[in-house]
Amino acid sequence: MRSASPPPRPPSGHARRALAVLVAALALTSPALLASAASARPITVRSQTHVAVDLVREADGVVVRGRLTDDLGHPIARESVHLALGGDRPRSRTTDDTGAFEVRVPASDLARAERRHLEWRLEYDGDRVYGGANETGSLDLTQQNTRLAVRAEPRVAALDDSEVYVHADLTTANGPVPGVEVRVKVGDGTELVGRTGAEGRATFLIRAALLGSAGRYTISARFLGDHLLAPSVAETSLRVLLASRVTLRVAREGDARLGRYRFSGRLADQDGPIAGATVAILADAGPGDVEPHLVALTTTRPDGLYLAAVPAPELFGDRSGELAVRAVYSPDDQHQGATSHVFTVQVPPPPGVPTRWYLFGLAGALSLLLVAQAVRTRLVPSLLQRLRLRRLLRRRDPAVAATLVEMEPELVTPVADGDAPRRRDVLSGVVVDGHSREPLPGAIVTVFRGGDGAPGPRCVADARGHFELEPLAPGPWRLRLEAEGCLPREEELTVPHDGRYDRAAYALVAVRRRVREIYGRAVQRFGADFAWGADTPREAWERVRRGSPDEERALAELRELVEQAWFGEADVRVADAARAQELARFLEGRR
């Protein structure tokens, strides 16, 4: 068995006294401790924050984008952040529901920066829940180098309504610069402002007539630059000349082979005569001459007149046939060059009996021998009888005759012009007579829209028959050509075309030629041959087989139309060809 533990002993007197002192001390200090605990401040713990910043340089300035989050990556919404750029006043923005914000700094603010590296600071002040945050950095404002090139087309223009295109091209090492302003100034004129296109080019149209006077003009171009691109300048020149005109008259003094020829004329511009200028007299004998040879050089007088005399042996040399003579004025610093009309001078034959006379005599003798033999064998009556029978039986197919009358040369024929590429949206070339191939100055070229037929661009051929229409919009078009004394012609085309309409020959048919063809086919239907140059219209009319009074009146009117068109003084009209065609159709219906 276990023994029981002894009972606890009561505290001694000293222990009772120490416990009493401790209780008394606690009683005295407890109010002070309670008061101190009641007056102490509470301790607050805030979350850490972070700002993610991204700076992007754009054409119109700098965009600062960022996001404000806490230490767990959660977005902090509806809080203000402040961006200080250099010494400028801070810009404040409020975050959205995702904690994102955006601050745009325009290029005008960046242009005021004196240094190429601009310091920036982004701050968030924080609140009782979130602590503050800030980010700092430096913005590189270094500009990219640019190159500006300017050129004028053409570089030499006349002081009239000539158009000059000034092209300004802006590029960097990375390629063309689109969508920026380029300024161009011609001489002391007003500065023009344009914007570059997708290819980095700005084009300006200058009318030479508005410049006021002839001379050399400096064309200056400049790009002012921005916060991304450095400025650049360029220059070129434009020569503006006065249009000039030179005339030529040729007269002979003395014998055609031993005398001399006088060449005279006048040189002038829009302000009057041109004095002290050199005029050259050139001549060539056609395709055989490699290049024209110089006949004489002369200088104009104060009244613009010039005169030169050349001996006939020196003018003709060993040439034969005919000479094409013209006066040429070479351009100078104030005037364009000019060429007179061509004057044809017949080269006289060598002295003695011409060789062709001997040939004519020999041919005549042979002809007499043949005639004598034909009479002896009664060959001539037999041939005449057969020819008369064929004329009586001959009938032309109306369809064939109409086709021959309506035959026309190709309206458009491309002209060989080196290896230059042909423009597919431009109509240009020379308007010519379809049979003689002579140019037709003053011809009118018009295009109409294929959809609604609305009139489009229109131009008039110059003195050499040349014309050029401005670039056409893509789509269907209808081309119409007109010239005095010619039948109008039309053709449908589509832009862009295959290039055959650029630098081409555009052929028209003369009214009088058409009337002559119609008359020739008409008299052939009535048994009469008509060889133009050998037979007159009246001789062919007298040989036709007589028909009804209506047919004879129609043929007589056709003959009068031909005679009027080729020998009359009145202008040839398109209505004459229409009337001739109407008479021909009447005769076709009768035969």
Side-chain angles (χ1 to χ4, degrees), residues 153-154 161-165 167 178 194-195 197-199 201-205 207 399 402-435 437-511 513-514 573-575 577-578 581-582 585:
E153 293 183 354
D161 288 335
S162 299
E163 295 180 347
V164 179
Y165 292 91
H167 304 289
R195 185 171 294 273
E199 298 179 354
R201 172 177 295 176
T203 301
F204 303 83
L205 175 61
R207 294 197 178 275
T403 302
L404 292 174
V405 171
E406 296 297 332
M407 285 177 59
E408 295 183 357
E410 288 290 336
L411 176 62
V412 181
T413 304
V415 178
D417 190 14
D419 297 331
R422 298 184 183 273
R423 297 163 292 182
R424 302 182 64 191
D425 58 350
V426 171
L427 274 64
S428 67
V430 58
V431 184
V432 299
D433 185 296
H435 296 88
R437 310 308 290 181
E438 292 292 329
L440 298 175
I444 300 174
V445 184
T446 311
V447 292
F448 302 87
R449 297 187 182 277
D452 54 7
R458 176 179 181 269
C459 67
V460 180
D462 60 15
R464 296 179 298 172
H466 288 273
F467 77 94
E468 180 170 335
L469 282 177
E470 62 187 30
L472 303 177
W477 294 86
R478 177 166 52 87
L479 168 67
R480 181 178 176 86
L481 297 173
E482 302 173 88
E484 184 177 356
C486 295
L487 297 173
R489 300 185 71 181
E490 295 185 352
E491 182 168 301
E492 304 290 337
L493 66 134
T494 302
V495 175
H497 52 75
D498 58 359
R500 66 188 294 263
Y501 294 92
D502 185 22
R503 301 192 298 278
Y506 293 76
L508 292 180
V509 178
V511 172
R513 185 182 184 91
R514 175 55 51 79
R573 302 172 303 168
V574 177
Q581 187 67 39
E582 181 182 352
R585 289 172 180 169

Taking it one step at a time, do Val426 and Leu469 satisfy side-chain contact (heavy atoms from CB on, under 4.5 Å)? CA-CA 6 Å; Val426 171; Leu469 282 177; 5.8 Å; no
Stepwise side-chain contact (heavy atoms from CB on, under 4.5 Å) test for Leu481 and Ile444: CA-CA 6 Å; Leu481 297 173; Ile444 300 174; over 6 Å; no
Flag the pair Leu493 / Val495 as yes when at least one side-chain heavy-atom distance between them is below 4.5 Å, and no otherwise. yes
Over 12 foreign heavy atoms within 6.0 Å of CD, Glu410: no
Any side-chain heavy atom of Val445 sitting closer than 4.5 Å to one from Leu479? yes
Do the non-hydrogen side-chain atoms of Val447 and Leu472 ever get within less than 4.5 Å of each other? yes
Given Arg514 and Leu487, is the side-chain contact (heavy atoms from CB on, under 4.5 Å) satisfied, shown in steps? CA-CA 9 Å; Arg514 175 55 51 79; Leu487 297 173; 3.4 Å; yes
Could you tell me which non-hydrogen atom of Val509 sits nearest to which non-hydrogen atom of Pro409, and how far apart they are? CG2-CD, 3.8 Å
Whether Arg500 side chain and Val412 backbone form a donor-acceptor pair below 3.5 Å: yes
Is there side-chain contact between Asp425 and Pro474, with heavy atoms separated by less than 4.5 Å? no
Are there over 12 heavy-atom neighbours, none belonging to Glu490, within less than 6.0 Å of that residue's CD? yes
Phe467 vs Val431, side-chain contact (heavy atoms from CB on, under 4.5 Å): CA-CA, chis, key distance, verdict: CA-CA 8 Å; Phe467 77 94; Val431 184; 3.9 Å; yes
Which pairs count as side chain to side chain donor-acceptor pair (under 3.5 Å) when at least one residue sits in residues 439-465, sequence neighbours excluded? none
Test of understanding: with side chain to side chain contact (heavy atoms under 4.5 Å, CB included), list the residues that count as partners of Pro441, not counting sequence neighbours. none
Interatomic distance, CZ@Phe204 vs OH@Tyr165, rounded to 0.5 Å, equals 14.0 Å
What heavy-atom pair brings Pro178 and Ala198 nearest, and what distance separates the two atoms? CB-CA, 4.0 Å
Measure up the Tyr501 and Tyr506 rings against each other and bin them: parallel (under 30°), tilted (30 to 60°), perpendicular (over 60°). tilted
Do any N or O atoms from the side chain of His435 and from the backbone of Ala510 form a donor-acceptor pair under 3.5 angstrom? no
Which residues share a salt bridge (charged side-chain N to carboxylate O under 4.0 Å, His left out) with Asp502, sequence neighbours left out: Arg423
Carboxylate-amine/guanidinium contact Arg478 Glu491, below 4.0 Å: no
Closest non-hydrogen contact found for Pro457 with Trp477 is CD-CZ3, 4.2 Å
Short side-chain to backbone donor-acceptor contact, Arg424 and Gly499, under 3.5 Å: no
Gap separating the CD atom of Glu470 from the CG atom of Leu427, nearest 0.5 angstrom: 11.0 Å
Starting at CG of Asp433, measure out to CD of Glu438 and round the result to the nearest 0.5 Å. 8.0 Å
Any chance you could measure Glu468, atom CD, to Arg503, atom CZ, to the nearest 0.5 Å? 9.0 Å
Quick check for you: to the nearest 0.5 Å, what is the distance between Glu492 atom CD and Phe448 atom CZ? 11.0 Å
